[in-house]
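Single-structure report; data block below.
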Amino acid sequence: MDKHNSSELLSSDFSLSKNASSDSLDSDSKSSSLNSKHGQDSPHVLGDIYLLDGEKVTSVARDVTYLCPYSGPSRGVLKVTNYQLHFRPTDAVPSQGTLSVPLGVVSRIEKVGGASSKGENSYGIEIFCKDMRNLRFAHKQENHSRRGIFEKLQQLAFPLSHRFPLFAFSYSESFPEDGWHVYEPIAELRRMGVNNDMWRITRINDKYEVCDSYPSIWAVPAAANDDLLRAVASFRSRGRIPVLAWIHPSSQATITRCSQPLVGVSGKRSREDERYIQLIMDANAQAHKLFIMDARPTANAVANKAKGGGYESEDAYQNADLVFLDIHNIHVMRESLRKLKELCFPQIDQTRWFSGIEATCWLKHIKCILAGAVRIVDKVENHKTSVLVHCSDGWDRTAQLTALAMLMLDPYYRTLRGFEVLIEKEWLSFGHKFQLRIGHGDERHSDADRSPVFVQWVDCVWQLQQQFPTAFEFTERLLITIVDHLYSCRFGTFLFNTERERVKEEVKTKTVSLWSYINSRQDLYLNPLYWGPSSFGASSPPSPYSRPQVVLVPVASLRLIKLWKALYCRWNPTMRQQDPIYQRTRELVALRAQLEAAAAAAAGDHAARQHRLGLTPPRVASPHHV
Amino acid sequence: MNEKKLVQNFKSYINVSLDAKGEKNGSLQEVKPNLLNGELVTGAAHSVVMLTPLSEWDRGRFGSLFITNYKLSFVPLENSSNDEYCQRNFLLGAFDVPLTGVGAVWLTDGGPSRRRRLMPYGEVPGKVKGLQVICKNMKVLTFSFANSPIDNGRKIALALMHHAFPKRHDLLFAFEYREPYYPTLPSDMNMFQRTGDWKRELERCECPHWRITCINGTSDAFMLTAGETLIVPSSVLDYNLMESARHFRSGRVPIWVWGRAEGAALLRSGELLPTEQSSTAESVLLEQVRRSHPKLTPPHVIYLCGNTYTNTGGPGILPPLATLQTSYKKLADLCTPTTLGGFWIQDSQYYSILDSSKWLRYVANCIAFADEAAQHLGNNVTVVLQEGDGVDYCAVVSCLTQLLVDPHFRTISGFQSLIQKEWVALGHPFCDRFGLPRPGNPKELTPKDATTAQIAPVFLLYLDSVWQLLQQFPAHFQFSETYLTTLWDCAHNHIFDTFLFNCARDRELAVTRNFVQRPVWDWGEQFSEQDKALFYNPLFMGVKPALPSQRLSLSPQGGGGGAEPARLRPASSVAALELWAQCYERWLLPLDARGAGHVQLHVHNYSVRAEIQQLNEKLTSLSILSRRQSNSDESAAPRRRNVSRFFPFSLNRSDVIAANLDSMQVSLIDASQLVESQSLLNAPD
């Protein structure tokens, strides 16, 4: 086992690793050959624990019992490093391996029982995790045996609350590719053909002064000058003005994103904002209309007026149609996922499984988001009309919708690299508040700002993958790996709230990018069924109509929207996928490649032999390409 | 606002756009259905509109509707290239339904909403404006007679009700079909019709401690619903069997169906009758079973419906057949919405409706029982399954168990042999369960009789369970999900005799009266080579190498060659199961989309397999220095296809995607449903 396995370690519970982790989805026991080195350096082995570069063991507790909800209690040694919690059973039961959980997933640590508690295993600690599981450890009741490890855990799991740096700043593994270069905003805009007649690139926010939660580079209508941009910023919540997210390669219809207008109860108006919206409309010659998709339910949008926000009135914004998409806020989503965790972990109640799913509303929320994105796609693709998307602040629901719509519209984002670009652009650069929503290294577990908005979006992507299994270059393994490292704090990618903060904290120089790690072993994530252009040059955008499956239109029906068991139920060994379907497909594809090579070689031999015999050389069959 | 939107979707279908087509009335008479040899038209209606299912618009097709003694057939006035399903049936067109496939018939006002159900043998009203036919395979056909000549609707309804629900078994079309039949069954298929067939099975399993008895073929027969051949412990005498049979329901003493060379065997039996000595009789027989085990291990009895004596039961047992039928009806309702509005209303409660049907729970229970039985067999312990008359759940669980432990049954001919053994030879009452009249009953069926025979989808429960195994072990079965779905369709095609009788005795009786047996397994009778190819699972690794010319080893999962293949260990939690969408939801047009669905995986792998085969052939021809050029096959390289979700059961449509976009009704979700407390709603974002 080596370092690469951290993704596996991460997702492994008692080395059900091969079953319960993402690995089980597309590989089987044999393919633990996949556990080859992911990085360049070999792991440091210290005793029985594999440490990453920059990782140190800080605390060891012997004679601890791990209470696994599935395989029962097992005794062993619990170690805490600055990166992970590591448990190795001492009684060697072959079915039980080690448990390794990055401390980043820890949401809350509590003591269970007291010195006088009766009953076996009643005294210990319980760890509540962000990744849909809880861990129980029992300690011996003598001598406050849990005190040391409890305090260490508190410190290391919540470094920010104790004025320590996150592990990502200590982690120093090097990879062949630097993932920080995956997304170059100018190159991505060029890929979409910007600058052009209608859209220009502006550096007005170079110092993050116009909008501190936006990136430094924007694309805006060419006709809008910097003064206008500043004026619009003052009328949009937190200065998040409408800027370009995506432009249709042939019709020039666009998706733009922003925050709510500061209308307020008095119904304020801004001539500049109205003019600016008109410019966005005018930048698309194909339509004389603009759709404003407000992600919120109508009631919420109205309620926001009381707080100075609101929505565009159709009187003020002529030629604009306002549509509410009925997607609920972060608090509703958090509550929904909490219920889902109750349903999935630890035991599943068979008698009310499906009605339980319905009661969580999780899939209905997913349906709403998918349906909203489909409406955007419909307007842009079928009606050639530009769409402006916003919610309240434009960093949660807006990011979900624009990123999802772009994924449906543009096959580039469905490649492995394109997907990384999409996350960097729509989520990271436009200031989705990862720090607040995930709460990296922060002990305030009940903070109202936490919410699984990004995970929910990844779930939507998974739904798309399920509906269109050949349209993505990558498999769900990539999605699960991303979710794992969303919490792990091993990479700098998902740290902090905004581009401005990341620049200030020098994230790019002081931490490693998740994409460095993923791109060094792309083969692990590739989908053998992928049917699309084999490569997309950044400079040569393919014609969107010359390929199969250019635009994906999922059906937002609960008959097709499924619970992502491989993510939410993965700790439960009875829920594991039995057989590796992708693995088998890969074997078939590999066999075909071998035969192609053999056929080409044999054809060569055959030709040579015939030549020697003085016969007319036959037409040599060219190697068969697929 | 939601309501308003809903109402807009319920458009009136009464004024279906006639355009100028009404003028073509003169040509209507020329339209004719394709008839088979022996098939007769018994009712016809012209200028009928067949409504497009689940469509938002007033769309439909003009044509004529015919009822024959075999099928219901709609013949559109104008042919369109979109009229064919990807899977074509030689016997049935795209708009044909065999009469035994008709499940329920509803009267309508000419639109898609139902008015009231027409009951078999019941009254047909004087005026019939429209009919809706719900097929047993969940397809829904809706016809409007608003533009038809007066009386046509009623005539059709009468003919349909008369022929779709015949009063005597020998009125079924299989008795009229005149086409000669030349059997071409695969040689390795065992039909379990003769004693020799059972002997072959006993030898295949290498079970020396069991013997064949033919007493059931004599006048001393005690198990009337089974064939003449039974396999019993070698130590038990025929006389003892006859004595014991009195204590078991339907005379179903434990009989052998499968075994391992190591000694463990699988047996099935009926429940004990509440007679005084019944438990003694049972223990005597179980003792004989124990003696048939070389290690004298006592057998393990599994009570599939609970044990009435010890009162064991609980949530894991299988329900009475009537309960199963209720469950199936709920499932069918969920899968046969008739209006687009209804479709989306169901959608928002989809999971709770699915839960309340309990269908998947029963599937899970079957798999759990099979897993339990397989585990005991794996430990070399004999298993006896016990249930009711021993012909329903016994067949389901016995088959599933054998699929888990014996790879032979995971091939297509093995699977078909298994159905012949467990369902056909051992007498699953297909007529009763499918709602057909009982054979050999000279009296005409009265409505009262119809209710005494229990209709229940036991066979579907089995196919669904097999499908779940196929999902969990995608590389272990030679057949595909398309094969299973097709099999369910064909179970309702009464040209074939396989599912047409209650027991072997009834079949033999019919054969003596010149009835021609046509096993459904002769797939060439219905499907082209191209369609049959889709029955094969491209991921199958083979018991033996699946491709004869496979050079490079594709070792099965176990790795070690020659090692005993491990039994499959399925997950039997309800949460691990899925709804069999291809079978139940394939007619729901709003769900269809190009390039979508799990089927893409199969299509991809079919083409890879085909290329592998071509390359192998090319290598062979090159290596023998053939002078023939193999270049010609280059052009025949299979192209990857962009098929729809329910391929091959989808029409060749191109307008599917466009039609869907506008129909997605987000607003049908009641926002208040999504939040628990209002406070969350109003909390700051």
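The analysis underlying the following values was restricted to heavy atoms, covering all of them including side chains, and did not include hydrogens, waters or symmetry mates. Lettering of chains follows the sequences in order, A, B, ..., and the numbering in each one begins at 1. This is a predicted model, so every value here is computed, not measured.
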*Let me know if B:Ser356 has heavy atoms under 4.5 Å from chain A in its side chain, its backbone, both or neither.*
neither
*Identify the heavy atoms of A:Phe468 and B:Gly595 that sit nearest to each other, and give their distance.*
CD2-O, 3.5 Å
_Closest contact, heavy atoms only, B:Leu615 versus A:Ala599_ = CD2-CB, 4.0 Å
*Does any heavy atom of chain B fall under 4.5 Å from the side chain of A:Leu552, the backbone, both, or neither of them?*
neither
_For B:Pro590 versus A:Val555, what's the shortest heavy-atom pair and its separation?_
O-CG1, 3.4 Å
*Which answer fits B:Leu568, side chain, backbone, both or neither, if we ask what part of it has an atom under 4.5 Å from a heavy atom of chain A?*
neither
*Do B:His604 and A:Val589 have side chains that get closer than 4.5 Å, going by heavy atoms?*
yes
*With rounding to the nearest 0.5 Å, note down the distance linking CZ in A:Arg592 to CD in B:Gln614.*
11.5 Å
_Quick check against the 3.5 Å criterion: does A:Arg584 have a side-chain atom that pairs as donor or acceptor with the backbone of B:Ala475?_
no
*Donor-acceptor under 3.5 Å (A:Lys367 side chain, B:Ser348 main chain)*: no
*asked:* Taking every non-hydrogen pair under 4.5 Å, which of A:Gln467, A:Gln350, A:Arg559, A:Gln466 racks up the most with chain B?
replied: A:Arg559
*Looking only at heavy atoms, which two atoms of B:Gly597 and A:Pro469 are closest? And how far apart?*
O-CG, 3.0 Å
*Starting at CG of A:Leu591, measure out to CD of B:Glu611 and round the result to the nearest 0.5 Å.*
11.5 Å
*Report the C-alpha distance between A:Leu363 and B:Tyr350 in whole Å, list the side-chain angles of each, state the deciding distance to 0.1 Å, and finish with yes or no for side-chain contact (heavy atoms from CB on, under 4.5 Å).*
CA-CA 11 Å; A:Leu363 296 184; B:Tyr350 177 69; over 6 Å; no
_Atom pair CG (B:Leu539) and CD (A:Gln583), whose distance is rounded to the nearest 0.5 Å_ = 11.5 Å
*Measure across A:Ala556 and B:Trp344 and return the closest heavy-atom pair with its distance rounded to 0.1 Å.*
O-CZ3, 3.4 Å
*A:Leu595 CG to B:Gln613 CD distance, which is reported to the nearest 0.5 Å*: 11.0 Å
*Is it the side chain or the backbone of A:Leu558 that comes within 4.5 Å of chain B heavy atoms, both, or neither?*
both
*Could you tell me whether the side chains of A:Glu358 and B:Ser352 share a donor-acceptor contact shorter than 3.5 Å?*
yes
*Quick one: does B:Leu591's side chain get under 4.5 Å of A:Ser557's, heavy atoms only?*
yes
*Contacting region of B:Leu579 [heavy-atom separation from chain A under 4.5 Å]*: neither
*Does a side-chain heavy-atom distance below 4.5 Å link A:Thr351 with B:Val574?*
no
*At their closest point, which heavy atom of B:Tyr351 faces which heavy atom of A:Ile561, and how far apart are they?*
OH-O, 2.7 Å
*Tell me, side chain or backbone of B:Leu577 under 4.5 Å from chain A's heavy atoms, or both, or neither?*
backbone
_Most chain A-contacting option - heavy-atom pairs closer than 4.5 Å, from B:Pro538, B:Ala576, B:Ser572_ = B:Ala576
*Rounded to the nearest 0.5 Å, what's the gap from CZ on A:Phe354 to CD1 on B:Ile353? Could you check?*
13.0 Å
